Amino acid sequence: MAQNVNPRLEGSSSNSPKRSEDMNDRIESNKVVQRLQKELMSLMMSCDESVSAFPDGDNLFRWVATIVGPKDTVYENLKYKLSMEFPRGYPYKPPTVTFLTPCFHPNVDFPSGAICLDILKEKWSAMYDVKAILISLQSLLGEPNNESPLNVKAAQLWPRQEVFKATLLSTYKESESTL
């Protein structure tokens, strides 16, 4: 006796967990895309000209951001480009953020652009968005954590602001000429 069997489902019983996993990945990815689109719109509508970020081409999971150094700091009016890469688990997992413009700073690794900032690591919260990250990075420029330096030379020079600024400006000018 023949049974009524759906041919589409008949061969898929052995890999249905895989199919379910793929479906969950797509749903999660769509949620991340929606969140990033919302954050992009919020940034575009913002009147804050000191921070900006946009997707790098068509890839919504990779952005290029810009921050301007905060007033009354050695970084005042200096522009820095950053790379932001969002994991599939965003906003529950933090993005990877690095300086593209070389940045002489106690909490930034000068050759790689890696950043030591607690909210991008162990203090990450899904409540943070792109704008909050960029504003935190701006704040970090003027208020480094010298207790946890990635750039020891910058940390040592920080207390002597005139010397620090001279070194900062020479490395910034050098990077401008190579970009």
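Treat the numbers as computed from the prediction; the structure is a model and nothing was measured.
- The cluster map of Ile, Leu, Val, Met, Phe, Trp and Tyr, joined by side-chain heavy atoms under 4.5 Å apart, puts Leu60 and Tyr90 in the same cluster.
- The hydrophobic clustering, which links ILVMFWY residues whose side-chain heavy atoms are closer than 4.5 Å, places Leu78 and Val74 together.
- Residues Val33 and Phe61 form a side-chain contact, since some pair of their non-hydrogen atoms from C-beta on lies under 4.5 Å apart.
- Linking ILVMFWY residues whenever their side-chain heavy atoms come closer than 4.5 Å, directly or via other members, places Met44 and Trp63 in the same cluster.
- By the 30° and 60° cut-offs, the orientation of the rings of Trp158 relative to Phe164 is perpendicular.
- If you take OG on Ser83 and CZ on Phe99, they are separated by 11.5 Å, rounding to the nearest 0.5 Å.
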Only pairs under 3.5 Å count here: list side-chain donor-acceptor contacts from residues 119-141, not counting sequence neighbours, and write none if there are none.
{"unit_1": "Lys121", "atom_1": "NZ", "unit_2": "Ile115", "atom_2": "O", "d": "3.4"}
{"unit_1": "Trp124", "atom_1": "NE1", "unit_2": "Pro91", "atom_2": "O", "d": "2.7"}
{"unit_1": "Ser125", "atom_1": "OG", "unit_2": "Met127", "atom_2": "N", "d": "3.1"}
{"unit_1": "Asp129", "atom_1": "OD1", "unit_2": "Lys131", "atom_2": "N", "d": "3.4"}
{"unit_1": "Asp129", "atom_1": "OD1", "unit_2": "Ala132", "atom_2": "N", "d": "2.8"}
{"unit_1": "Lys131", "atom_1": "NZ", "unit_2": "Ser46", "atom_2": "OG", "d": "3.0"}
{"unit_1": "Ser136", "atom_1": "OG", "unit_2": "Ala132", "atom_2": "O", "d": "2.9"}
{"unit_1": "Gln138", "atom_1": "NE2", "unit_2": "Ser50", "atom_2": "O", "d": "3.3"}
{"unit_1": "Gln138", "atom_1": "NE2", "unit_2": "Ser50", "atom_2": "OG", "d": "3.1"}
{"unit_1": "Gln138", "atom_1": "NE2", "unit_2": "Val68", "atom_2": "O", "d": "2.8"}

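- Contact between Ala53 and Leu43 at its shortest, heavy atoms only, is CB-CD1, 3.8 Å.
- The two residues Pro106 and Pro144 come nearest to each other via the heavy atoms CG-CB, 3.8 Å.
- Here Ser112 pairs with Asp109 under the side-chain hydrogen bond (donor to acceptor under 3.5 Å, both in side chains) rule; sequence neighbours left out.
- Judged as a salt bridge (charged side-chain N to carboxylate O under 4.0 Å, His left out), and not counting sequence neighbours, the contacts of Arg62 are Glu85.
- Crowding of Glu143 atom CD: a count of heavy atoms from other residues, nucleotides or ligands under 6.0 Å not exceeding 12.
- Judged purely by atom type and a 3.5 angstrom limit, Asn107 uses its side chain to pair as donor or acceptor with the backbone of Ser148.
- With values rounded to the nearest 0.5 angstrom, Asn146 atom CG is found 10.5 Å from Leu157 atom CG.
- Side chain of Ser42 to main chain of Lys38: no donor-acceptor pair is present (N/O by atom type, distance under 3.5 Å, no hydrogens or angles).
- Looking only at side-chain heavy atoms (C-beta outward), Thr66 and Phe54 stay at 4.5 Å or farther from each other.
- In terms of modelled atom types and a separation under 3.5 Å, the side chain of Thr101 and the main chain of Lys81 share a donor-acceptor contact.
- Aromatic ring centroids of His105 and Tyr75 lie under 6.0 Å apart.
- In terms of heavy atoms, Pro70 sits closest to Gly142 at CG-N, 4.3 Å.
- Atoms NZ and CG, from Lys173 and Leu168 in turn, are 9.5 Å apart once rounded to the nearest 0.5 Å.
- Side-chain heavy atoms closer than 4.5 Å link hydrophobic residues (I, L, V, M, F, W, Y) into clusters, and following such links, possibly through other members, connects Met84 to Leu40.
- Two different hydrophobic clusters hold Phe86 and Tyr92 under the rule that ILVMFWY side chains link at heavy-atom gaps under 4.5 Å.
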